Amino acid sequence: MKGVVFLTQKKVEKWPIPISVNEVEHYMKQRVGLGVSFDIGIRKLKILKKDVHIYYVNGLTDTMYIIQLIKELVGINYHEKTTADLYKLIDNRLVNQSVEYTQELDKLVTQVLSGLIGVVVEGENTAFIIDVRNYPGRSPMEPDTEKVVRGARDGFVENIVMNTALTRRRIRDERLRFEMLKVGKRSKTDVALSYLQDVADPDLLNILRKELQAIDIDGIPMADKTLEEFIVRQGWNPYPIVRYTERADVAAAHILEGHVVIFCDTSPSVIITPTTFFHHVQHAEEFRESPAMGTFVRWTRFLGVFTSIFLLPLWLLLVLEPSFLPEKLSFIGPNKQTNIPILIQLFMADFGIEFLRIAAIHTPTPLSTAMGLIAAVLIGQIAIDVGLFVPEVILYVAVAGIGTFTTPSYELSVANKIARMLLMLLTAFFHLPGFMIGATLWLIYLAQMRALNTPYLWPFLPFEPKGFLQIIFRRAIPGSILRPSIVHPRNRYRQPPES
């Protein structure tokens with residue numbers, strides 16, 4: 001088999017590993033870039049008068065492990081006879097806990113490009129694959145978007161191996177599974193499905209496997225977000241259908257409930273499925289406090305989410321229809337005239353807060369605080385002084401903005417902002433009927449949504465009393481005997497019932 005044949009065949013994976021190491025080297029030069037890409041390396045050894053080649057990628061492997069393996073292999077020349085079975089000797093001298101065997105050339109290349117090393121032996125069509133990966137990355141630290149006052153400070157990083165280890169550390173159950181898949185024709189990104197074998201819904205697992213295996217794209221450099229768009233096909237729907245988290249304890253808690261969690265290499269966040277609207281408004285802080293304090297925090301957060309959606313449209317309605325106000329509340333509304341319509345002021349102020357949020361993301365941390373102070377104090381006050389805004393607009397937009405920031409899910413907060421703007425437009429054009437019809441359509445829209453065959457507003461619609469009470473009140477863990485029915489767990493009991 002000549003090296004040039006590799007270039008004319010479309011399905012490279014059909015080719016076995018040649019028994020000639022020179023043909024393997026020729027393939028690596030022609031197809032993988034050996035000799036052109038500086039990070040693709042080869043180490044050639046002569047052991048018992050036979051050629052042995054080691055392929056690796058600089059930057060993805062641990063150099064010390066490779067040096068130790070080379071020492072062991074070279075030592076064969078000094079302790080063994082030339083008539084010995086070299087393949088078996090090498091197999092016994094590979095001092096590593098993870099050694100695989102392959103007869104497929106494509107698998108050898110994929111594993112080498114993933115950070116493992118490949119060892120091919122002259123006269124053998126089976127290669128060794130040794131795991132000596134050492135991916136560049138940061139150490140686990142608390143996620144900036146999911147901070148807690150009291151709790152674990154470790155969070156997921158961009159290394160899928162470390163992320164699964166953080167999860168395994170919290171769930172030491174022999175039934176915890178991490179199914180590994182590769183997604184992307186060129187990127188071949190590692191993606192893992194994590195679940196409890198005796199708890200997770202088999203139908204959900206089959207759906208996720210089918211969707212992941214059906215992904216036909218060259219690569220997923222945007223990692224988990226690309227996976228989400230293939231799995232749920234959200235389209236122009238602004239509301240998040242899956243939940244992201246960077247906290248290992250949150251992911252472990254959902255796995256124990258019966259959810260399926262999707263890990264993607266190069267991403268510090270994981271995807272939790274299935275999720276509802278109320279999953280996006282919960283936070284780990286609630287479960288780090290007593291049930292009474294957790295319930296209070298939860299109610300406060302619910303109030304913030306409600307405020308972020310309805311405060312501005314309701315205030316606009318009362319401005320347009322002051323007759324709806326009782327005499328004691330007649331102070332609500334602008335106290336002075338302005339040349340700019342209130343609706344335009346609301347939109348300008350709302351977009352101003354969005355400008356600040358986007359600017360804060362792209363501004364170095366030491367400067368972001370100063371920028372916020374300048375925008376809030378100088379720009380806001382000057383805008384009022386020159387008559388661009390009335391003071392009440394700044395007040396209510398700021399309160400609604402704070403409600404937006406109280407929403408734990410960033411995706412949900414942005415979706416609620418879009419809903420708020422649409423509701424303000426309907427209220428401005430149609431007054432009370434517009435407000436009522438807009439709020440009703442918003443509720444119907446959420447009620448008809450399904451996240452991986454899961455009702456989005458469960459347990460509110462369809463109504464389930466037990467589940468609804470668990471949403472309203474943060475129950476103590478000893479009282480949470482059953483897993484939520486929405487995940488269709490195979491084993492409903494989190495705590496075994498008394499016999």
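Every value quoted in this text rests on a predicted model; they were computed, and no experiment measured them. All values below were derived from every heavy atom in this structure, side-chain atoms included, with hydrogens, water molecules and symmetry-related copies excluded.
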key: side-chain contact (heavy atoms from CB on, under 4.5 Å), paired with L316, selected from V393, L343, L425, L311   = L343
ask   = Counting heavy atoms not belonging to F296, are there more than 12 under 6.0 Å from its CZ?
value = no
key: Heavy atoms of other groups near F351 CZ, more than 12 under 6.0 Å   = no
message = Let me confirm one number: the CG-CD distance from L196 to E174, rounded to the nearest 0.5 Å.
response = 10.0 Å
message = Give me the atom names and distance for the closest heavy-atom approach of P462 to P455.
response = CD-CB, 3.6 Å
note = Between the CZ atom in R288 and the CE atom in M293, the distance rounded to the nearest 0.5 Å is 14.0 Å
inquiry  = Applying side chain to side chain contact (heavy atoms under 4.5 Å, CB included), can you list everything that pairs with T63, at least two apart in sequence or on another chain?
reply    = I67
ask   = With sequence neighbours excluded, what pairs up with D203 under the side-chain hydrogen bond (donor to acceptor under 3.5 Å, both in side chains) test?
value = none
Charged N-O contact under 4.0 Å between D190 and K182 = yes
request  = May I ask you to test the L60-P136 pair for a side-chain heavy-atom distance under 4.5 Å?
outcome  = yes
ask   = Got a donor-acceptor contact below 3.5 angstrom from the N163 side chain to the V157 backbone?
value = yes
remark   = d(M436 CE, T427 OG1) to nearest 0.5 Å is 10.5 Å
key: Gap between atom CG of D154 and atom CZ of R170 - 0.5 Å precision   = 4.0 Å
query = In this structure, are over 12 heavy atoms from other groups packed under 6.0 Å from K225 atom NZ?
reply = yes
key: Inter-residue atom distance L346.CG - E392.CD, 0.5 Å rounding   = 11.0 Å
request  = Examine distances only and state if a side-chain atom of T407 and a backbone atom of S409 form a donor-acceptor pair shorter than 3.5 Å.
outcome  = no
Sidechain-backbone polar pair: D265 side chain, T189 backbone, donor-acceptor under 3.5 Å = no
key: Which atom of A223 lies closest to which atom of S267, heavy atoms considered   = CB-CB, 3.7 Å
message = Restricting to side chain to side chain contact (heavy atoms under 4.5 Å, CB included), what partner residues turn up for L181, sequence neighbours left out?
response = L212, Q213
task = Start with the C-alpha gap between Y410 and T145, add the side-chain angles, then the distance that decides, and say whether side-chain contact (heavy atoms from CB on, under 4.5 Å) holds.
result = CA-CA 9 Å; Y410 168 73; T145 57; over 6 Å; no
message = Using the side-chain hydrogen bond (donor to acceptor under 3.5 Å, both in side chains) criterion, which residues pair with D201? Sequence neighbours excluded.
response = none
ask   = Is there a donor-acceptor pair under 3.5 Å between the side chain of T275 and the backbone N or O of I241?
value = yes
ask   = If you look only at pairs with a residue in residues 448-470, which of them pass as a salt bridge (charged side-chain N to carboxylate O under 4.0 Å, His left out), with sequence neighbours excluded?
value = none
query = Considering only heavy atoms from C-beta outward, does the side chain of L457 approach that of L443 to under 4.5 Å?
reply = yes
query = Okay, side chain of T164, backbone of V161: is any donor-acceptor separation there less than 3.5 Å?
reply = yes
request  = Before giving the answer on side-chain contact (heavy atoms from CB on, under 4.5 Å), spell out for I231 and T273 the whole-Å C-alpha distance, their side-chain angles and the decisive distance to 0.1 Å.
outcome  = CA-CA 11 Å; I231 293 173; T273 61; 5.9 Å; no
key: Residue pairs involving residues 420-430 (criterion salt bridge (charged side-chain N to carboxylate O under 4.0 Å, His left out); sequence neighbours excluded)   = D350-R420
inquiry  = When you measure from the side chain of R357 to the backbone of I353, do you find a donor-acceptor pair of N or O atoms at a distance under 3.5 Å?
reply    = no
message = If the condition is ring-ring contact (aromatic ring centres under 6.0 Å, His included), which residues does H259 pass it with, not counting sequence neighbours?
response = H254, H279
key: Note, Y135 side chain near S114 side chain (heavy atom, < 4.5 Å)   = yes
request  = Check D198 against R490 and note the closest heavy-atom contact, atom names and distance.
outcome  = O-CB, 3.5 Å
ask   = Is R492 atom CZ crowded by more than 12 heavy atoms from other residues, nucleotides or ligands, each under 6.0 Å away?
value = yes
key: Closest contact, heavy atoms only, R168 versus R172   = O-CG, 3.5 Å
request  = Could you please spell out the steps behind the side-chain contact (heavy atoms from CB on, under 4.5 Å) verdict for M449 and L446?
outcome  = CA-CA 5 Å; M449 281 180 55; L446 294 183; 4.0 Å; yes
request  = For F306, check ring-ring contact (aromatic ring centres under 6.0 Å, His included) against everything at least two apart and list the hits.
outcome  = F310
task = List for me each residue that meets side chain to side chain contact (heavy atoms under 4.5 Å, CB included) alongside L205, sequence neighbours excluded, and say none if there are none.
result = Y195, A200, R209, V260
task = Please examine the side chains of E100 and L116, heavy atoms only from C-beta on, and report whether any two atoms are closer than 4.5 Å.
result = no
key: side-chain contact (heavy atoms from CB on, under 4.5 Å) between M222 and E229, intermediate numbers included   = CA-CA 11 Å; M222 295 303 159; E229 294 181 359; over 6 Å; no
query = Does R153 have any side-chain hydrogen bond (donor to acceptor under 3.5 Å, both in side chains) partners at least two apart in sequence or in another chain, and if so, which?
reply = E142
Please output the side-chain donor-acceptor pairs of residues 468-477 that fall under 3.5 Å, not counting sequence neighbours, one pair per line with the distance.
from	atom 1	to	atom 2	distance (Å)
R474	NE	E286	O	3.2
R474	NH2	E289	O	2.5
R475	NH2	G479	O	2.8

inquiry  = Using only atom types and a distance under 3.5 Å, with no angle test, would you say the side chain of Q345 pairs donor to acceptor with the backbone of V390?
reply    = yes
F178, CZ: over 12 other non-hydrogen atoms inside 6.0 angstrom = yes
Set of side-chain hydrogen bond (donor to acceptor under 3.5 Å, both in side chains) partners for Y56, sequence neighbours left out = none
Closest non-hydrogen atom pair between S187 and V183, with its separation = OG-O, 3.3 Å
inquiry  = Can a donor-acceptor pair be found, under 3.5 Å and without considering hydrogens, that links the side chain of R247 to the backbone of E146?
reply    = yes
query = About how many Å separate CZ of F435 and CG of L314, when rounded to the nearest 0.5 Å?
reply = 5.0 Å
Non-hydrogen side-chain atoms of F230 and I217 separated by less than 4.5 Å = yes
query = Taking Q234 for the side chain and Y239 for the main chain, is one N or O donor matched with an acceptor at less than 3.5 Å?
reply = yes
query = Do you know the tightest heavy-atom contact between A439 and L423?
reply = N-CD1, 3.5 Å
request  = Carefully, step by step, assess R233 and E211 under the rule salt bridge (charged side-chain N to carboxylate O under 4.0 Å, His left out).
outcome  = CA-CA 10 Å; R233 294 174 176 83; E211 294 294 339; 2.8 Å; yes
task = Go through the side-chain N and O atoms of E228 and Y244 and say whether any donor and acceptor fall under 3.5 Å apart.
result = yes
R483 side chain vs L256 backbone, donor-acceptor pair below 3.5 Å = yes
